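Every value quoted in this text rests on a predicted model; they were computed, and no experiment measured them. Below, all heavy atoms of this structure are taken into account, side chains as well, without hydrogens, waters or symmetry copies.
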Amino acid sequence: MCTHQPSCPPVDSTDHDAAVIVKAHPEQGWNLLCNGTIVFDDTGELLPDGRVVGPQRGGGALSAAA
């Protein structure tokens with residue numbers, strides 16, 4: 001799917017979400033990456049093979065105070 005240089009990381013790599021955005025839909029809360037991954041504003045992901053990656057919740061100060 002990636003035709004530019006340098007190539008984007010493939011979907012099975014740990015840095016797959018560093019791929020270039022090819023379609024941005026901020027009004028709907030998602031972006032399509034060059035490697036076929038859909039990334040949502042809540043940090044969840046839909047991979048090209050249909051697997052779902054849940055939102056990545058940080059353990060920041062807000063979480064500790066709650």
Side-chain angles (χ1 to χ4, degrees):
M1 192 172 200
C2 184
T3 59
H4 51 267
Q5 293 298 323
S7 295
C8 289
V11 72
D12 57 352
S13 70
T14 57
D15 62 344
H16 66 273
D17 55 350
V20 172
I21 295 173
V22 293
K23 291 285 183 177
H25 292 278
E27 73 284 356
Q28 296 177 355
W30 61 274
N31 294 313
L32 174 64
L33 303 182
C34 186
N35 61 12
T37 301
I38 296 174
V39 180
F40 297 95
D41 285 350
D42 70 354
T43 69
E45 299 176 353
L46 180 59
L47 303 180
D49 63 3
R51 289 181 291 152
V52 174
V53 178
Q56 305 300 307
R57 304 290 184 209
L62 292 177
S63 297

Apply the test side-chain contact (heavy atoms from CB on, under 4.5 Å) to residues Leu33 and Ile21: give CA-CA distance (whole Å), side-chain angles for both, the deciding distance (0.1 Å), then the verdict. CA-CA 4 Å; Leu33 303 182; Ile21 295 173; 3.7 Å; yes
Would Leu32 end up clustered with Phe40 when hydrophobic side chains under 4.5 Å apart are linked, directly or stepwise? yes
Any side-chain to backbone donor/acceptor pair from Asn35 onto Pro9? Under 3.5 Å, distance only. yes
Within the distance-only criterion (no hydrogens, no angle test), does the side chain of Glu45 pair as donor or acceptor with the backbone N or O of Thr43 below 3.5 angstrom? no
Using every non-hydrogen atom in the two residues, find where Asp15 and Ser13 come nearest and quote the distance to one decimal. OD1-OG, 2.9 Å
Do Leu47 and His16 have side chains that get closer than 4.5 Å, going by heavy atoms? yes
Determine whether Val11 and Val39 fall in the same hydrophobic cluster, where Ile, Leu, Val, Met, Phe, Trp and Tyr are linked whenever their side-chain heavy atoms lie under 4.5 Å apart. no
For the residue pair Trp30 and Asp41, what are the closest heavy atoms and their distance? N-OD1, 4.3 Å
Could you tell me the separation between the NZ atom of Lys23 and the CD atom of Gln28, rounded to the nearest 0.5 Å? 12.0 Å
